[in-house]
A.B. asks: 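The following block contains the structure, expressed as structure tokens.
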Protein chains: 2
Amino acid sequence: MEQVGYGNQAQNLDAVFAALADPTRRALLTRLAEGEASVGELAAPFQISQPAVSKHLKVLEKAGLVERGIDEQRRPARLKAEPMAEAVEWMSYFKRFWGDSFDQLDDLLVKLKAQQEENKDG
Amino acid sequence: MEQVGYGNQAQNLDAVFAALADPTRRALLTRLAEGEASVGELAAPFQISQPAVSKHLKVLEKAGLVERGIDEQRRPARLKAEPMAEAVEWMSYFKRFWGDSFDQLDDLLVKLKAQQEENKDG
DNA sequence: TACTTCTATAACTAATAGGTTATGGAACAG
DNA sequence: CTGTTCCATAACCTATTAGTTATAGAAGTA
């Protein structure tokens, strides 16, 4: 049984929003959007120590935003963006307070989906 | 110390994501979506002290998510959701990673629309 | 084996966050 | 004025965060 509103996802939302609240971590995610990278590769552009990057990666990992792999000595990090969808979903509750842009995206996707259905039928 | 310039947008994203990382603050925003409320009204349902709520409101205010008014002795809080749009915009860069197939995108859409309907009904 | 590379972890520090109680001030009610 | 209501702020405590340096271990290389 779930209550309406927050509760089940709240804990993960805590972790996701907190992870995104740090500019270095956001930059790491942006870098990872280009492809997986080792700790060393991630640390290089930021001029903070390697242990600091390892810590950031751990925060991202706990939020579910990053997965780690094994490649010889390396432990490459890989982006996992799904938790962002939950964050966006939570914020979508408020979209009527910030205007139509979200609605427009929504409309566009509905139209595209409808076209897909048309193609299936025809 | 910062090495590579994070801009004003980044600073605001820091504040917005950090503000959203607390479940009490998210609950306050959800409450404010129903309309403006005084500090006392906001504090009542949560079992934390009034000064704690005042602090949370200050965090939300600095993130631009809340505005304060004046009504006799009261200082009602009012939702301002625009900064959420910036947060969503930032995350939209990663949309391709949480579903590049239309079916997955459609799943998200269905969830969002379901919430929308809930809001209309509730 | 010995050395180098890559990363994690421990130990420490300084700052911030989230909570408390106490208190004071501003705005109404009498 | 007196008292009450509403709220902000101060002072304080504890836990967490973000960084550091030092070190150890695992894996590849000579």
A.B. asks: Quick check: does any side chain N or O of B:Arg75 sit under 3.5 Å from a backbone N or O of B:Arg68, one acting as donor and the other as acceptor?
C.D. replies: no
A.B. asks: For the side chain of B:Ser54, counting heavy atoms from C-beta on, which of C:dA8, C:dT9, D:dA8 is nearest?
C.D. replies: D:dA8
A.B. asks: Measuring to OP1 and OP2 of C:dG18, would you say a side-chain N or O of B:Arg25 lies under 4.0 angstrom away?
C.D. replies: yes
A.B. asks: Under 3.5 Å, is there an N or O donor on one side and an acceptor on the other linking the side chain of B:Glu72 and the base of C:dA26?
C.D. replies: no
A.B. asks: What's the CD1-P distance between B:Ile48 and C:dT20, to the nearest Å?
C.D. replies: 6 Å
A.B. asks: Where do B:Trp98 and A:Leu79 land on the side-chain contact (heavy atoms from CB on, under 4.5 Å) test, with the steps shown first?
C.D. replies: CA-CA 10 Å; B:Trp98 78 63; A:Leu79 178 66; over 6 Å; no
A.B. asks: Does the side chain of A:Arg68 get closer than 4.0 angstrom to OP1 or OP2 of C:dA8 through an N or O atom?
C.D. replies: yes
A.B. asks: I want to confirm an ordering. Mapping A:Asp71 and A:Asp22 to their closest nucleotides on DNA chain D, which one lands closer to the 5' end?
C.D. replies: A:Asp22
A.B. asks: Strictly distance-based, threshold 3.5 Å: is any side-chain N or O of A:Glu41 a donor or acceptor partner for the main-chain N or O of A:Ser38?
C.D. replies: yes
A.B. asks: To the nearest Å, give me how far apart CG (A:Leu57) and C1' (D:dG19) are.
C.D. replies: 15 Å
A.B. asks: Are A:Val59 and B:Trp90 connected in the hydrophobic side-chain network, where two residues link if heavy atoms are under 4.5 Å apart?
C.D. replies: no
A.B. asks: What integer distance in Å separates A:Lys55:NZ from D:dT21:P?
C.D. replies: 12 Å
A.B. asks: For B:Phe17 and D:dA18, what is the distance between atoms CZ and C1' respectively, to the nearest whole Å?
C.D. replies: 19 Å
A.B. asks: Would the distance check show the side chain of A:Arg25 and the main-chain N or O of A:Leu57 forming a donor-acceptor pair, the cut-off being under 3.5 Å?
C.D. replies: no
A.B. asks: Taking only the side-chain nitrogens and oxygens of B:Thr24, find out if one of them lies under 4.0 Å from OP1 or OP2 of C:dG18.
C.D. replies: no
A.B. asks: Starting from C1' on D:dA18, measure out to CG on A:Leu60 and report it in whole angstrom.
C.D. replies: 13 Å
A.B. asks: Whole angstroms only, please: what is the NZ-P distance between A:Lys58 and C:dA8?
C.D. replies: 7 Å
A.B. asks: Tell me whether the OP1 or OP2 atom of C:dG19 has a side-chain N or O from B:His56 closer than 4.0 Å.
C.D. replies: yes
A.B. asks: Round to a whole Å and report the spacing from CD of A:Gln50 to P of D:dT20.
C.D. replies: 11 Å
A.B. asks: Taking atom types as they are modelled, is there a donor-acceptor pair under 3.5 Å from the base of C:dT7 to the side chain of A:Gln73?
C.D. replies: no
A.B. asks: Can you tell me the distance, in whole Å, between the CG atom of A:Leu20 and the P atom of D:dT17?
C.D. replies: 15 Å
A.B. asks: Taking the minimum atom-to-atom distance to the side chain of A:Ser38, which one of C:dT7, D:dA8, C:dT9 wins?
C.D. replies: C:dT7
A.B. asks: Hey, is the side chain of A:Ser49 poking within less than 4.0 Å of OP1 or OP2 on D:dT20, counting only N and O atoms?
C.D. replies: yes
A.B. asks: Tell me whether the side-chain N/O atoms of A:Arg74 come closer than 4.0 Å to OP1 or OP2 in D:dG28.
C.D. replies: no
